[in-house]
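Here the structure is laid out as structure tokens; the discussion comes afterwards.
By convention in this document, chain letters (A, B, ...) are assigned in the order of the sequence lines, proteins followed by strands, and residues within each chain are numbered from 1. Remember, it's a predicted structure, so these values are computed and weren't measured experimentally.
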Number of protein chains: 2
Amino acid sequence: MALKLRKKVPPPPGCPMSACMSLLGGAWTPEIIWNLSEGARRFSELRRAMPRISAKVLSVRLKDLEERGVLVRSVLATTPPSVDYALTDLGEELIPAIRAIVEVGSKLYLRMRAPTDRAA
Amino acid sequence: MALKLRKKVPPPPGCPMSACMSLLGGAWTPEIIWNLSEGARRFSELRRAMPRISAKVLSVRLKDLEERGVLVRSVLATTPPSVDYALTDLGEELIPAIRAIVEVGSKLYLRMRAPTDRAA
DNA sequence: CAGCATCCTTGAGGATACTG
DNA sequence: CAGTATCCTCAAGGATGCTG
């Protein structure tokens, strides 16, 4: 297995927030979903889209996301085996959340490197 | 210092998403912001709201969030020193994102314990 | 009350190599 | 192509104790 929760159970167990963060909290996870939001992708396509992710991690993430019903894995029984991953209905529902994260992230990002004087 | 990014720089540097996830990704961070969303809170109030968080972690998180402009720290120079934390404008902007996370998290949570097949 | 210093554990995530 | 197996690193986060 790969991951369930971040570590033990930091936030209160039974908290939906933890459930989601344990999902989105994983490194690369938002990126993966984001890439999938533009349409189904194959393993190598994802790797090319995210050159810095290792095969193992991508594999683990993908499997985890599949088990959670966020995406579906379709094996195309072609001569060179190809597999593509696509968001499920549930996966699609994550998009708005990720979008929100990206948007707020942009603001954070700007503040981080913009000399916006400290006002407190 | 406490934390900048999850570890090295998993997702592509310069990505707003990473900026946000490095913030929300920290254990307890969403919880903290969530609690603050209901109004300013003092250190001990936050601790009581989240009994399982250690003082250190709360402290680290709070300082980090302050440095990032997500919240402001106000020291009340009373006899028993009291400090309260309140979300900044930027912090407030995180609420929708967290709300989205919570909502999707609920769905995930339901699916986690009520998969297609249900036993017991 | 608020919060910092210290030490330790843990496991996520990366690198590398091998396989069907 | 699409993984899986193995090993290793490292820093996030928890526990404890002390201070202003």
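- Contacts between residues 38-48 of chain A and DNA chain D, defined by a heavy-atom separation below 4.0 Å, involve A:Arg42, A:Phe43, A:Ser44, listed by number.
- Residues satisfying the side chain to side chain contact (heavy atoms under 4.5 Å, CB included) test with A:Lys63, not counting sequence neighbours, are A:Glu67.
- OP1 and OP2 of C:dA12 both lie 4.0 Å or more from every side-chain N or O belonging to A:Trp28.
- When each of B:Ser59 and B:Pro80 is assigned the nucleotide of DNA chain C bearing its nearest heavy atom, the one mapping closer to the 5' terminus is B:Pro80.
- When atom types are taken as modelled, the side chain of A:Arg41 and the backbone of A:Tyr85 share no donor-acceptor pair closer than 3.5 angstrom.
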Every protein N/O within reach of nucleotides 17-20 of chain C N/O, cut-off under 3.5 Å:
none

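- Atom CG of B:Leu58 and atom C1' of D:dA15 are 15 Å apart (whole Å).
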Would B:Leu24 and A:Val104 count as a side-chain contact (heavy atoms from CB on, under 4.5 Å) if you check the C-alpha gap in whole Å, the side-chain angles of each, and the deciding distance to 0.1 Å? CA-CA 11 Å; B:Leu24 266 43; A:Val104 179; over 6 Å; no
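- Following rounding to the nearest Å, B:Leu24 (CG) and D:dA12 (P) show an atom-to-atom distance of 16 Å.
- With sequence neighbours excluded, the residues that form a side chain to side chain contact (heavy atoms under 4.5 Å, CB included) with B:Thr78 are B:Leu76, B:Pro80, B:Ser82.
- Between B:Ser54 and D:dG13 there is no side-chain N or O to OP1 or OP2 distance below 4.0 Å.
- In this model, the phosphate group of D:dG13 is approached by a side-chain N or O of B:Arg61 to a distance below 4.0 Å at OP1 or OP2.
- Spacing between atom CD1 of B:Ile32 and atom P of D:dA12 amounts to 15 Å, rounded to whole angstrom units.
- With sequence neighbours excluded, no residue forms a side-chain hydrogen bond (donor to acceptor under 3.5 Å, both in side chains) with A:Glu66.
- One atom, CG of A:Leu76, and another, P of D:dG3, lie 11 Å apart when rounded to the nearest Å.
- Looking only at distances, a side-chain donor or acceptor of A:Thr29 sits under 3.5 Å from a matching main-chain atom of A:Leu23.
- In this model, the phosphate group of D:dG3 is approached by a side-chain N or O of A:Arg73 to a distance below 4.0 Å at OP1 or OP2.
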Between B:Leu65 and B:Leu36, is the side-chain contact (heavy atoms from CB on, under 4.5 Å) condition met? List the steps. CA-CA 12 Å; B:Leu65 291 174; B:Leu36 254 28; 5.9 Å; no
Run the side-chain contact (heavy atoms from CB on, under 4.5 Å) check on B:Ile95 and B:Glu92 step by step: do they pass? CA-CA 5 Å; B:Ile95 303 299; B:Glu92 298 283 357; 4.2 Å; yes
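- Summarising the geometry, the separation between CG on A:Asp64 and P on D:dT4 is reported as 13 Å, rounded to the nearest angstrom.
- The side chain to side chain contact (heavy atoms under 4.5 Å, CB included) search around A:Ser44 returns A:Arg42, not counting sequence neighbours.
- When the nucleotides D:dT6, C:dA2, D:dA2 are ranked by their closest atom to the side chain of A:Ser82, D:dA2 comes out on top.
- An OP1 or OP2 oxygen of D:dG17 is reached within less than 4.0 angstrom by no side-chain nitrogen or oxygen of B:Lys56.
- For the pair B:Leu23 CG and D:dA12 P, the interatomic distance rounds to 14 Å; values are reported in whole Å.
- Rounded to an integer number of Å, the gap from CD of A:Glu31 to P of C:dG14 is 12 Å.
- In this structure, CD1 in A:Ile101 is found 9.5 Å from CH2 in A:Trp34, a value given to the nearest 0.5 Å.
- The interatomic distance linking A:Ile53 (CD1) with D:dG3 (P) rounds to 13 Å, in whole Å.
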